[in-house]
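For reference, the structure is listed below as structure tokens.
Note that the structure is predicted; figures quoted are calculated from it, not measured.
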Amino acid sequence: MRERGEGRTSRFWILLFAALAIALATTVAACGGDDEESGTPTSGATGGATTGGEATGEPIKIGVFANNEGPFAPFEGQTWGGAMLPLIDRGATPVSGDPTDGVENAVIAGHPIEFVYGGSDSTPDKAVEEARRLVEQENVDILVGPLSGSEGIAVANYSKEQPGVTFVNGISGAQDTTLKVRSPNFFRFHNDGTQWTAGLGDYAYNELGWRNVVTIGDDYDFPYSQVAGFVAEFCSIGGQVSKRLWPALGEEDYSSFITQIPEDVDGFFLGVGGTGTVAFVKQYEQLRGNLSDRIMGGIFMTDPVILKELGNQVVGVVTAGMTSGDSTEPAYLEYANGLGEAYPDLKGTASSVFAYGYYTAMEAIAQALEQTDGDLSDDHAALNDALANLELEAPLGPIKLDENRQAIMDNFLQQIVEDNTGDGVPDVKTIKRIPEVDQTFAGAFSPDTPSPDRTNPECKTGTPPPWTQQGGGG
């Protein structure tokens, strides 16, 4: 049971490093609220003054949920910090140093904003159960979330049952969530897991000289999407994937999977996430030695907290994703500084996809509400239209949506390098910016292609994406 105002943000970091150190699928005790008997989290912070006048309109209730249990629970603070920042930028004040306590004095377009807390555990059943509670019992107008890949597919399908509610994805990254489900009231203002890999296959083939690789990823929808993007790009150029390994999400002992990686392959793509990233890397080094020249990381490898835990073990690893922690663009620096000022315990985590994804979700909601004066009539027709047509000038570049309400945005190829700032944590260097990666991945995927899974897509040569050297880029 979670009590408010007890300094949970500090405990968050203690729990996080304890979890990473022992490489377990941590469960953070963050499931409480004000309802002691039912155990359902029901936090809300309603507002007063803001950005442009007094609160004269009807309240708008927004539910926010991420993972407060399971292997992604340690990142809950980052998700909420990102989500609260657009409201803080508009005059709201944090209730405490714990982002999940929400904000006070939040008003958009004259409407006071109320927040309702929610949490899940990375499983689709729990995510839908929580979405139902927030929508059908708490009566939220807008729902932000979920965090994990299979959760997103389930919640997107549920959104079709609730046309009077607007759903904006948190950071769940399975491809099918938008490409296959295509719910008219579900929006995703960040790249999916497949888009996040743009540039990795090209770098592996043309810069590292890899020709034969293995992939290893958690056995659920998000890593399926990550591996799908890498396979599609690498194989289109001429590379081969000899084996795909799928440990269960939350696995603690990866030794049997590590021993299945042939010694004679050029390298492997790592799609193990959450606390599992740390467990895998440490166990690989114990069994096989240094991995920095044999591995390409998925989206989690450059998370600031994971970098702090792994340190020099991952210097040299190349990865890719939608954030660029070394950006010096004024808009990004303003975003990063704002997050650290609002929540000091989150200083230095602005490049986390957890923070950035929930930030872009809430910023899009805020701008769409401002464009429509908070009009929620006719099953949110005006709001949904505004979201669908919004061109968001985000801190790391513009984001627009396709016809499936899925983000088209830049992707960043990066390498983990030695610490240059003196904080003892490896830095991340951006190698290449790949503009406007769309969900078809330059034609490799469509609503009619097989969903990414343990064996799809097939590894076959084809037309390389335009950002590869064979496709004219480079």
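At a threshold of 4.5 Å between non-hydrogen side-chain atoms, the residues Asp89 and Leu85 count as touching. Proximity of Phe186 to Val155: side-chain heavy atoms (C-beta onward) are separated by under 4.5 Å at one or more points. Looking at heavy atoms from C-beta onward, Leu87 lies in side-chain contact with Met362 at the 4.5 angstrom threshold. Side chains of Asp202 and Phe234 form no contact here, defined as non-hydrogen atoms less than 4.5 Å apart. A 4.5 Å side-chain heavy-atom check between Asp410 and Ile434 finds every atom pair outside the cut-off. Residues Ile88 and Pro94 form a side-chain contact, since some pair of their non-hydrogen atoms from C-beta on lies under 4.5 Å apart. Side-chain contact between Phe65 and Pro146 is present, with heavy atoms from C-beta onward closer than 4.5 Å. Residues Phe354 and Phe300 meet the side-chain proximity criterion, which asks for heavy atoms closer than 4.5 Å.
Side-chain contact annotation: Asp125 with Thr123, donor-acceptor N/O pair under 3.5 Å absent. Asp453 and Ser451 are not linked by any side-chain donor-acceptor pair at a separation below 3.5 angstrom, with hydrogens and angles left out of the test. Between the side chains of Thr319 and Thr302, not a single donor N or O lies within less than 3.5 Å of an accepting N or O. Side-chain polar atoms of His190 and Thr360 form no donor-acceptor pair below 3.5 angstrom. Under 3.5 Å, the side chains of Asp423 and Thr421 contain a donor-acceptor pair of N or O atoms. A donor-acceptor pair shorter than 3.5 Å cannot be found between the side chains of Gln371 and Gln367. Using modelled atom types and a 3.5 Å distance limit, the side chains of Tyr117 and Asp101 yield no donor-acceptor pair. Neither side chain, Glu130 nor Ser120, offers a donor N or O lying under 3.5 Å from an acceptor on the other.
Between the side chain of Gln195 and the backbone N or O of Val437 there is at least one donor-acceptor pair closer than 3.5 Å. Checking side-chain atoms of Tyr356 against main-chain N and O of Leu396 turns up a donor-acceptor pair under 3.5 Å. At least one donor-acceptor pair closer than 3.5 Å links the side chain of Arg405 to the backbone N or O of Ser183. Of the possible donor and acceptor atoms, none in the side chain of Asp373 sits under 3.5 Å from a partner among the backbone N and O of Asp375. Under a 3.5 Å cut-off, the side chain of Asn67 and the backbone N or O of Leu147 do not form any donor-acceptor pair. Counting only distance, with no hydrogens or angles, the side chain of Ser225 and the backbone of Asp221 share a donor-acceptor pair below 3.5 Å. Looking at Asp192, its side chain does come within 3.5 Å of a backbone N or O of Thr194 through a donor-acceptor pair. Without hydrogens or angle criteria, Glu363 side chain to Tyr358 main chain gives no donor-acceptor distance under 3.5 Å. Between the Arg90 side chain and the Pro86 main chain, a donor and an acceptor come within less than 3.5 Å of each other. Looking at Glu151, its side chain does come within 3.5 Å of a backbone N or O of Ser148 through a donor-acceptor pair.
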### Task
Tell me, with the steps shown, if Val64 and Leu143 meet side-chain contact (heavy atoms from CB on, under 4.5 Å).
CA-CA 6 Å; Val64 180; Leu143 184 61; over 6 Å; no

### Message
Between Tyr335 and Tyr359, does the ring-ring contact (aromatic ring centres under 6.0 Å, His included) criterion hold? Intermediate values first, please.
### Response
CA-CA 9 Å; Tyr335 152 75; Tyr359 171 85; 4.8 Å; yes

### Query
How far apart are the C-alpha atoms of Met409 and Phe189, what are their side-chain angles, what is the distance that settles it, and do they pass the side-chain contact (heavy atoms from CB on, under 4.5 Å) test?
CA-CA 9 Å; Met409 60 189 292; Phe189 281 88; over 6 Å; no

### Task
Show the numbers, then the answer: is there a salt bridge (Lys or Arg N to Asp or Glu O under 4.0 Å) between Glu138 and Arg132?
CA-CA 9 Å; Glu138 297 293 340; Arg132 286 189 181 278; over 6 Å; no

### Task
Report the C-alpha distance between Thr93 and Asn105 in whole Å, list the side-chain angles of each, state the deciding distance to 0.1 Å, and finish with yes or no for side chain to side chain donor-acceptor pair (under 3.5 Å).
CA-CA 6 Å; Thr93 2; Asn105 304 323; 3.3 Å; yes

### Message
Is there a side-chain contact (heavy atoms from CB on, under 4.5 Å) between Ile142 and Val165? Walk through the geometry before answering.
### Response
CA-CA 6 Å; Ile142 300 168; Val165 176; 5.9 Å; no

### Message
Please determine whether side-chain contact (heavy atoms from CB on, under 4.5 Å) holds for the pair Leu179 and Asn404, giving the CA-CA distance in whole Å, both sets of side-chain angles, and the decisive distance to 0.1 Å.
### Response
CA-CA 6 Å; Leu179 187 63; Asn404 296 323; 4.1 Å; yes

### Message
Show, in sequence, the C-alpha distance, side-chain angles and deciding distance for Ser96 and Asp98, and conclude whether the side chain to side chain donor-acceptor pair (under 3.5 Å) test is met.
### Response
CA-CA 5 Å; Ser96 73; Asp98 175 2; 5.1 Å; no

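Annotation: the span from Glu69 atom CD to Glu76 atom CD amounts to 10.0 Å, rounded to 0.5 Å. Rounded to the nearest 0.5 angstrom, Asp303 CG and Thr277 OG1 are separated by 8.5 Å. Rounded to the nearest 0.5 angstrom, Phe412 CZ and Ser324 OG are separated by 5.0 Å. Interatomic distance, Leu413 CG to Ile431 CD1, rounded to the nearest 0.5 Å: 4.5 Å.
Between Pro465 and Glu233, the shortest heavy-atom contact is CG-CG, 4.2 Å. Closest non-hydrogen pair, Leu339 versus Ala350, comes out as CD2-CA, 3.8 Å. Residues Ala442 and Pro466 come closest through the heavy atom pair CB-CD, 3.5 Å. Pairing each heavy atom of Gly119 with each of Asn68, the nearest pair is CA-ND2, 3.4 Å. Between Ser236 and Pro464 the shortest heavy-atom distance is OG-CA, 3.5 Å. Nearest heavy atom pair, residue Val231 against residue Pro457, reads CG1-O, 3.9 Å.
Among Thr178, Asn384, Asn169, the single residue meeting the side-chain contact (heavy atoms from CB on, under 4.5 Å) criterion with Phe187 is Asn384. Between Gln406 and the choices Arg188, Lys400, Gln175, the side chain to side chain donor-acceptor pair (under 3.5 Å) rule is met once, by Arg188.
Ring orientation note: the planes of Trp246 and Tyr224 are nearly perpendicular, at an angle over 60° on the 30°/60° scale. Ring pair Trp467/Phe441 is perpendicular by interplanar angle, where above 60° counts as perpendicular and below 30° as parallel.
Taking the six-membered ring for Trp and the full ring otherwise, Phe230 and Trp196 have centroids separated by 6.0 Å or more.
Salt bridge status for Asp326 with Lys429: absent, with no side-chain N to carboxylate O gap under 4.0 Å. Here Glu341 does not pair with Lys347 in a salt bridge; the nearest charged N to carboxylate O distance is not below 4.0 Å.
By the neighbour-count criterion of 12 heavy atoms within 6.0 Å, atom CD of Glu458 is sparsely surrounded, having that number or fewer from other residues, nucleotides or ligands. Within a 6.0 Å sphere centred on CD of Glu334, heavy atoms belonging to other residues, nucleotides or ligands number 12 at most.
Partners of Asp121 by salt bridge (Lys or Arg N to Asp or Glu O under 4.0 Å), not counting sequence neighbours: none found.
Sorted by first and then second residue, the salt bridge (Lys or Arg N to Asp or Glu O under 4.0 Å) pairs with a member in residues 56-68 form an empty list; sequence neighbours excluded.
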